[in-house]
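This structure is a prediction, so every number in the text was calculated from the model and none was measured.
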Amino acid sequence: MKSRRSKATDITQKVKRSVWERDGGRCVVCGCQRNVMPNAHFISRAKGGLGIEENIVTLCTEFTENKCHRKYDFGSREEREEIGAKIEAYLKSKYPNWSREKLTYRRNS
């Protein structure tokens with residue numbers, strides 16, 4: 001049985017479909033349309049990042065030249081910060097009241 005936190009950080013199929021449509025089936029960092037998936041948390045699951053539209057983006061996978069998702073998770077500090085800044089700006093452009101504080105699991109949520 002999954003914990004409440006695990007359930008809260010999971011990305012449902014409904015969220016994946018919504019994010020895919022919002023992002024136009026493209027990586028929000030480089031614009032790639034091949035080998036992309038709407039499954040990247042801006043605030044990571046490990047840090048309690050919720051599986052909600054405001055925290056999920058479409059990124060290209062390691063099977064592409066740019067490897068944005070891989071770089072965001074495992075790249076150098078500079079790569080992670082650069083990609084994170086692009087993702088944050090993108091999410092802010094889509095959600096006028098977007099805030100990092102709303103993206104993290106809270107015990108009483």
Side-chain angles (χ1 to χ4, degrees):
M1 187 166 175
K2 287 187 175 186
S3 69
R4 287 184 185 168
R5 178 182 167 138
S6 181
K7 287 179 186 176
T9 61
D10 278 351
I11 309 170
T12 65
Q13 286 301 315
K14 180 181 176 188
V15 168
K16 286 182 182 185
R17 279 191 301 276
S18 295
V19 169
W20 180 260
E21 289 176 22
R22 180 198 68 204
D23 298 346
R26 294 178 177 268
C27 174
V28 302
V29 175
C30 71
C32 183
Q33 287 183 288
R34 291 181 306 104
N35 293 312
V36 297
M37 297 181 72
N39 66 349
H41 286 72
F42 173 69
I43 304 290
S44 72
R45 288 184 70 163
K47 294 181 181 174
L50 298 172
I52 59 174
E53 291 177 40
E54 294 86 349
N55 191 43
I56 307 300
V57 292
T58 302
L59 293 180
C60 57
T61 68
E62 62 186 80
F63 300 112
T64 63
E65 183 178 323
N66 295 323
K67 302 178 181 180
C68 293
H69 196 167
R70 181 154 186 78
K71 287 179 183 176
Y72 188 51
D73 286 347
F74 304 110
S76 68
R77 181 177 182 178
E78 292 81 19
E79 287 174 322
R80 293 191 317 270
E81 287 175 355
E82 181 182 341
I83 291 171
K86 288 179 181 180
I87 293 171
E88 183 171 359
Y90 176 79
L91 290 170
K92 284 180 176 179
S93 77
K94 296 295 181 180
Y95 303 99
N97 296 322
W98 185 90
S99 166
R100 285 175 174 255
E101 292 75 35
K102 297 177 186 176
L103 306 179
T104 307
Y105 176 76
R106 307 266 187 263
R107 278 193 93 133
N108 297 329
S109 327

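Both V28 and L103 sit in one connected hydrophobic cluster of ILVMFWY residues. Membership requires side-chain heavy atoms under 4.5 Å apart, directly or through other members. Cluster membership for L59 and L91, using ILVMFWY side-chain heavy atoms within less than 4.5 angstrom, is shared. Linking ILVMFWY residues whenever their side-chain heavy atoms come closer than 4.5 Å, directly or via other members, leaves V15 and Y95 in distinct clusters. Taking hydrophobic clusters as Ile, Leu, Val, Met, Phe, Trp and Tyr residues chained together by side-chain heavy-atom distances below 4.5 Å, I87 shares a cluster with I43.
In this structure a side-chain-to-backbone donor-acceptor pair under 3.5 Å is present from R80 to G75. Looking at N35, its side chain never comes within 3.5 Å of a backbone N or O of T61 through a donor-acceptor pair. Looking only at distances, no side-chain donor or acceptor of Y105 sits under 3.5 Å from a matching main-chain atom of R45. The closest donor-acceptor contact from the side chain of H41 to the backbone of T9 lies under 3.5 Å. Checking side-chain atoms of K92 against main-chain N and O of W98 turns up no donor-acceptor pair under 3.5 Å. When atom types are taken as modelled, the side chain of D23 and the backbone of T58 share a donor-acceptor pair closer than 3.5 angstrom.
Nearest heavy-atom pair across C30 and C60 is SG-SG, 3.8 Å. The shortest heavy-atom contact between E62 and R70 is CB-CD, 3.9 Å. Of all heavy-atom pairs spanning I56 and L50, the tightest one is CD1-O, 4.0 Å.
Between I52 and K102, the closest side-chain pair of non-hydrogen atoms is not below 4.5 Å. Between Y90 and V29, the closest side-chain pair of non-hydrogen atoms is not below 4.5 Å.
Here the straight-line distance linking atom CD1 of I83 with atom CZ of F42 works out to 12.0 Å at 0.5 Å rounding. The line from SG of C68 to CD of E79 is 9.5 Å long, rounded to the nearest 0.5 Å. With values rounded to the nearest 0.5 angstrom, R34 atom CZ is found 7.0 Å from T64 atom OG1.
Listed by chain and residue number, R77 satisfy the side chain to side chain donor-acceptor pair (under 3.5 Å) test with E81 (two or more places apart in sequence, or in another chain).
Under a 4.0 Å N-O distance rule, the pair E88/R100 qualifies as a salt bridge.
Residue P38 forms a side chain to side chain contact (heavy atoms under 4.5 Å, CB included) with just one option from E53, K16, R17, and that option is K16.
Within 6.0 Å of NZ in K67 there are 12 or fewer heavy atoms belonging to other residues, nucleotides or ligands.
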Evaluation steps, side chain to side chain contact (heavy atoms under 4.5 Å, CB included), between R22 and V57: CA-CA 9 Å; R22 180 198 68 204; V57 292; 3.7 Å; yes
H69/M37 under side chain to side chain contact (heavy atoms under 4.5 Å, CB included): CA gap, chis, key distance, verdict: CA-CA 9 Å; H69 196 167; M37 297 181 72; 6.0 Å; no
